[in-house]
S.K.: 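Just dropping this structure here.
Proteins come first, then strands; the chains are lettered A, B, ... in the order of their sequence lines, and each starts at number 1.
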Amino acid sequence: MRVSRLMLVTLRDDPAEAEIPSHKLLLRAGYIRRVGSGIYAYLPLLWRVLQKISTIVREELNATGALETLLPQLQPAELWQRSGRWAGYTDGEGIMFHLEDRQGRELGLGPTHEEVITALAGDLLRSYRQLPVNLYQIQTKFRDEIRPRFGLMRGREFIMKDAYSFHADEACLKQTYGAMDQAYRRIFSRCGLRAVAVEADSGAIGGSASQEFMVTADAGEDLILASSDRRYAANQERAVSRPADPVPLAGGPRAGGSGEPLATPGQTSIEQLCSAHGFDPSQTVKVLALLARFEDGCLQPLLISLRGDQQLNEVKLANAVSARCSAEHGTLLDIAPLTAEAANREGLAPLPFGFMGPHLSDAVLSGAASWTPRFLRLADGTATALETFVCGGNCGDTHLVAAAWGGIGPAPESLDLRSAQPGDRCQHDSTQLLEASRGIEVGHIFQLGRKYSAALEATFTNEAGQEEPLWMGCYGIGVSRLAQAAVEQHHDANGICWPTAIAPYEVIVVIANVAEEHQNQLGEQLYAELQSAGVDVLLDDRSERAGVKFKDADLLGIPWRVVVGRGAASGVVELVERATGEKREFPANTLQETLLARLLPERSGLLEASGP
RNA sequence: CGGGGCGUGGCGCAGCUUGGUAGCGCGGGUGCUUUGGGAGCACUAGGUCGCAGGUUCGAAUCCUGUCGCCCCGACCA
């Protein structure tokens, strides 16, 4: 391709709309244009990148025996109502764009395809003899994101590879899950990305085991916690650790465990309480009042106890609340702090905010207009493990010192609700500490189990002749996000440095001065030769000054640059490697050999990392 | 949705406090010179100052409303 015909529009200044390097560079180098919030045009250069990534994804998935397909994006509401996700995905903070056709039928624009694929699988897969099957597609997904940001990182329309596998039993599912894990590692490696696999929460999709693939980058939206020996890595949403030991409260329980009242005027936070009376935060129990809202309209007050020095992990809490209530009340829509104003609107007497203890009576909820008049009481294990502690006295300006479970009432149900923090000791080895880094989630694999197949009655006949729901897995890769993540990981002050395997072009031949006939002729000749050797090559034939063309070549990030300039008359050209800046001069007639020797291994991708 | 910010030629910005009819840099076009790291000179085209009301003799500037976009939080490939 000739640069003069490429519709190349590069920008000298950073566009005001972009914040992070990859977003700025993709805009400046003419790879993308914003059409609306979270909606981008993939310009010809980026489309080539996306196609190269897609090819790698196809090759690796096909090698595992997966089948490519293409499913509809416009999906009937009825399908989603059957799986029970229509309400959750359209009400509340639902992410599904939905519409009505002129017959008044409701339709959704696919944010994911579990429903469609499971319905099809239920139709087509009837016998264990047909299993396992793994289907995938690469296409645009639509999600009404609460806040689109960072260009392609979180768009409302984006390209995703999604795959769904179907199995006769769980062992087979685990086998395919493992194969996908390996395929994903090869895909990211071939794309030139440094990616790490981390344990993850399953989120709205549900299911049991799940693992995310994170491209490490400062601009990443997720916090990864990993042990220094690399044997453990998890998303903070999911991460577990050993909490620091509490500082024991001297003297044991007082007043038979019901605690001794202490005047704490205006001391509504753990910090204020501790600094006023010399307590350590780990000697206290803090109590959070929250309100869970469900699909069926149920509003369930929550009373959560945590050790004072710990932070609540909202993902763990949401999972715990769903597990206890969703069977009766449907999808958990959200959990929000229970505020004084909300309590007032319910017609309740004021709650002792800032002085709540774990034994706050359900009586404070009696007469509530719409809430369930009983707290769901849960506690983190660090709180229930305390023999004695300081907690709120359930009336204004009073705390209880040296209270104990049993003395103030029974301990709530105990589970892991705390956020693991950088610096915490690891569970697998307490000499290892968790270290934090940031990551961009580019892939996520799930063992879904039978959630969707049971809901949509997608069954098969097993070896014993009985009908049972299919076992399912699902596996996603954010293709357009991956392209931007690659830029985030591979750029410098002058522009993008694409890994060769996903670069839009592999080589750019720059004619320094098109007015010089020698240069022109030699440039054209090299361009033709590289093309016929199967190289993806650009020819910068524009009548710009050399400096402009060099700047553009660097900004675009083409891995190899061949400069046809002063040496052209004597048949000498210069070869420059974008990533390192390394320059070497060659006789033009040996260029192709030298270049191909470098290009061929780079093209196949498999990185230094997985090396010999 | 809560909090913060911004809308002025294609892009990046100034002007707004203290109203007087719009400017700078980059980019575009033409010509000459230049030609290995975003060239120089000259000429030139291009803007209902997001939109709608209001105040005023007069509004980019002040007031009200509205729309759009960006950043921080909740959502996720």
S.K.: Touch check for A:Asp552, heavy atoms < 4.0 angstrom, all strands: base, sugar-phosphate only, or nothing?
M.R.: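 Base contact.
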S.K.: Does A:Val442 reach a base, just sugar-phosphate, or nothing at all? Heavy atoms under 4.0 Å.
M.R.: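 Sugar-phosphate, backbone atoms only, no base.
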S.K.: Looking at A:Arg149, does any N or O in its side chain come under 4.0 Å of the phosphate oxygens OP1/OP2 on B:G73?
M.R.: yes
S.K.: Taking any strand in view, what nucleotide pairs with B:C62 in a Watson-Crick or G-U wobble way, both distances under 3.5 Å?
M.R.: B:G54
S.K.: Look at the side-chain N and O atoms of A:Thr112 and state whether any lies under 4.0 Å from the OP1 or OP2 oxygen of B:A77.
M.R.: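 No, outside the criterion.
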S.K.: Answer yes or no as to whether B:A77 has its base stacked against A:Phe158, where stacking requires a ring-centre separation under 5.5 angstrom and planes under 30 degrees apart.
M.R.: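 A:Phe158 ring centre within cut-off of B:A77 base, planes near parallel; stacks.
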S.K.: Hey, does A:Asn235 reach any base, or is it just sugar-phosphate, or nothing, if we go heavy atoms under 4.0 Å?
M.R.: nothing
S.K.: Using the C1' atoms only, state how far B:C11 lies from B:C6, rounded to an integer number of Å.
M.R.: 16 Å
S.K.: Considering every strand shown, what is the Watson-Crick or G-U wobble mate of B:G73 when both distances are under 3.5 Å?
M.R.: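 The base-pairing partner of B:G73, which may sit in any strand shown, is B:C1.
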S.K.: Assign A:Val510 to base, sugar-phosphate, or nothing according to its heavy-atom contacts below 4.0 angstrom with the strands shown.
M.R.: nothing
S.K.: Regarding B:G38, can its base be found pairing with the side chain of A:Arg28 as donor and acceptor, where the two atoms are less than 3.5 Å apart?
M.R.: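 In this structure, the two groups form a donor-acceptor pair.
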S.K.: For the base of B:G12, is there a side-chain donor-acceptor partner from A:Asp14 under 3.5 Å away?
M.R.: no
S.K.: Considering every strand and a 4.0 Å limit on heavy-atom distances, what is the contact class for A:Arg33: base, sugar-phosphate, or nothing?
M.R.: nothing
S.K.: From B:G37, B:C11, B:U35, pick the nucleotide closest to the side chain of A:Phe550?
M.R.: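 Nearest to the side-chain atoms of A:Phe550, counting from C-beta on, is B:G37.
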S.K.: By the definition side chain to side chain donor-acceptor pair (under 3.5 Å), identify the one residue from A:Arg85, A:Gln75, A:Gln81 that meets it with A:Glu115.
M.R.: A:Arg85
S.K.: Of all the nucleotides listed (B:C76, B:G38, B:C69), which has the minimum atom distance to the side chain of A:Ser37?
M.R.: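 Given the options B:C76, B:G38, B:C69, the side chain of A:Ser37 is closest to B:C69.
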S.K.: Check every strand shown and say whether A:Glu17 touches a base, only sugar-phosphate, or nothing at a heavy-atom separation below 4.0 Å.
M.R.: sugar-phosphate
S.K.: Taking only the side-chain heavy atoms of A:Arg545 (C-beta and beyond), determine which of B:A39, B:C72, B:C75 contains the nearest atom.
M.R.: B:A39
S.K.: Does the base of B:C76 carry an N or O that pairs as donor and acceptor with the side chain of A:Arg154 under 3.5 Å?
M.R.: yes
S.K.: For B:U18 and B:C24, measure between their P atoms and round to the nearest Å.
M.R.: 26 Å
S.K.: Measure from the side-chain heavy atoms of A:Val548 and tell me the nearest of B:C76, B:A39, B:C72.
M.R.: B:A39
S.K.: A:Arg542 CZ to B:U35 P: how many Å, rounded?
M.R.: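 After rounding, the reported distance stands at 20 Å.
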S.K.: State the pairing partner of B:G10; accept Watson-Crick or G-U wobble contacts with both distances under 3.5 Å, and report none otherwise.
M.R.: B:C26
S.K.: A:Glu145 side chain: which of B:C13, B:G36, B:A77 is closest?
M.R.: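 Of B:C13, B:G36, B:A77, B:A77 is nearest to the side chain of A:Glu145.
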S.K.: Over how many whole Å does the gap from A:Leu556 atom CG to B:G38 atom P extend?
M.R.: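 About 17 Å, once rounded to whole Å.
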S.K.: Test A:Arg190 against A:Glu59 for side-chain contact (heavy atoms from CB on, under 4.5 Å), laying out the working first.
M.R.: CA-CA 11 Å; A:Arg190 285 186 59 187; A:Glu59 286 173 2; 2.7 Å; yes
S.K.: Expressed as a whole number of angstroms, how long is the span from A:Ile39:CD1 to B:G68:P?
M.R.: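 Distance check: A:Ile39 CD1 to B:G68 P gives 12 Å.
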S.K.: Would you mind classifying the nucleic acid contact of A:Thr10 as base, sugar-phosphate or nothing, using non-hydrogen atoms under 4.0 angstrom?
M.R.: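 Base, at least one base atom sits under 4.0 Å.
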S.K.: Which pairs, protein N/O on one side and nucleotides 27-31 of chain B N/O on the other, fall under 3.5 Å?
M.R.:
{"residue": "B:G27", "atom": "OP1", "partner": "A:Arg12", "partner atom": "NH2", "Å": "3.0"}

S.K.: How far, in whole Å, is B:U17 from B:G50 if one measures between their C1' atoms?
M.R.: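 Roughly 23 Å separates the two C1' atoms.
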S.K.: Should B:A39 form a Watson-Crick or G-U wobble pair with both distances under 3.5 Å, which nucleotide is its partner?
M.R.: B:U33
S.K.: Tell me the interatomic distance from A:Ile146, atom CD1, to B:C69, atom P, rounded to whole angstroms.
M.R.: 16 Å
S.K.: Tell me the interatomic distance from A:Leu11, atom CG, to B:G10, atom C1', rounded to whole angstroms.
M.R.: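 Taking CG of A:Leu11 and C1' of B:G10, I get 9 Å after rounding.
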S.K.: So, are A:Glu574 and A:Arg584 salt-bridged, with charged N and O less than 4.0 Å apart?
M.R.: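 No, this pair does not count.
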S.K.: Which is true for A:Gly565 with a 4.0 Å heavy-atom rule: it touches a base, it touches only sugar-phosphate, or it touches nothing?
M.R.: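 Base contact.
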S.K.: Is there a side-chain contact (heavy atoms from CB on, under 4.5 Å) between A:Leu378 and A:Leu417 once you walk through the steps?
M.R.: CA-CA 9 Å; A:Leu378 298 171; A:Leu417 292 176; 4.0 Å; yes
S.K.: Rounded to the nearest Å, what distance is computed from the CG atom of residue A:Asn319 to the P atom of nucleotide B:C75?
M.R.: 11 Å
S.K.: In terms of ring plane angle, is the pair A:Phe446 and A:His444 parallel, tilted or perpendicular, where the classes change at 30° and 60°?
M.R.: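 A:Phe446 vs A:His444 ring planes: parallel.
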S.K.: Roughly how far apart, to the nearest Å, are B:C26 and B:G40 at atom P?
M.R.: 7 Å
S.K.: Would you kindly check if the NZ (Lys) or CZ (Arg) of A:Arg561 is within the cone defined by 45 degrees around the ring axis of A:Phe550 and under 6.0 Å from the six-membered ring centre?
M.R.: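 Yes, A:Arg561 sits over the ring of A:Phe550.
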S.K.: A:Arg566 has a side chain; which of B:G36, B:A77, B:C70 sits nearest to it?
M.R.: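 That would be B:G36.
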S.K.: Taking any heavy-atom pair under 4.0 Å as a contact, classify A:Leu555: base, sugar-phosphate, or nothing.
M.R.: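 Result for A:Leu555 = base.
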S.K.: How is A:Arg147 classified with respect to the nucleic acid when contacts are heavy atoms under 4.0 Å: base, sugar-phosphate, or nothing?
M.R.: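 Answer is base: heavy atoms of A:Arg147 come under 4.0 Å of a base.
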S.K.: Any ion pair linking A:Asp552 and A:Arg542 (charged N to carboxylate O, less than 4.0 Å)?
M.R.: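 The answer is yes: the pair qualifies as a salt bridge.
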S.K.: So what does A:Glu516 hit on the nucleic acid, given a heavy-atom distance under 4.0 Å: a base, only sugar-phosphate, or nothing?
M.R.: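 No contact at all - A:Glu516 keeps every heavy atom at 4.0 Å or more from the nucleic acid.
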S.K.: Charged N to carboxylate O below 4.0 Å: is that the case for A:Lys316 and A:Asp416?
M.R.: yes
S.K.: Can a donor-acceptor pair be found between the side chains of A:Gln51 and A:Ser54 at a distance below 3.5 Å?
M.R.: no
S.K.: Taking salt bridge (Lys or Arg N to Asp or Glu O under 4.0 Å) as the definition, give me every residue that meets it alongside A:Arg154, ordered by chain and number, with sequence neighbours left out.
M.R.: A:Glu145, A:Glu221
S.K.: Over all strands shown, is A:Phe213 touching base, sugar-phosphate only, or nothing at heavy-atom distances under 4.0 angstrom?
M.R.: nothing
S.K.: Quick one: label A:Gly581 by what it contacts on the DNA or RNA (base, sugar-phosphate, nothing), any heavy atom closer than 4.0 Å.
M.R.: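 If one applies the 4.0 Å heavy-atom cut-off, A:Gly581 turns out to touch nothing in the nucleic acid.
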S.K.: What's the gap between B:G37 and B:G10 when it is taken at their P atoms, as a whole Å value?
M.R.: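 Approximately 33 Å lies between the P atom of B:G37 and that of B:G10.
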S.K.: May I ask you to check whether over 12 heavy atoms, not counting those of A:Glu314, lie within 6.0 Å of atom CD?
M.R.: no
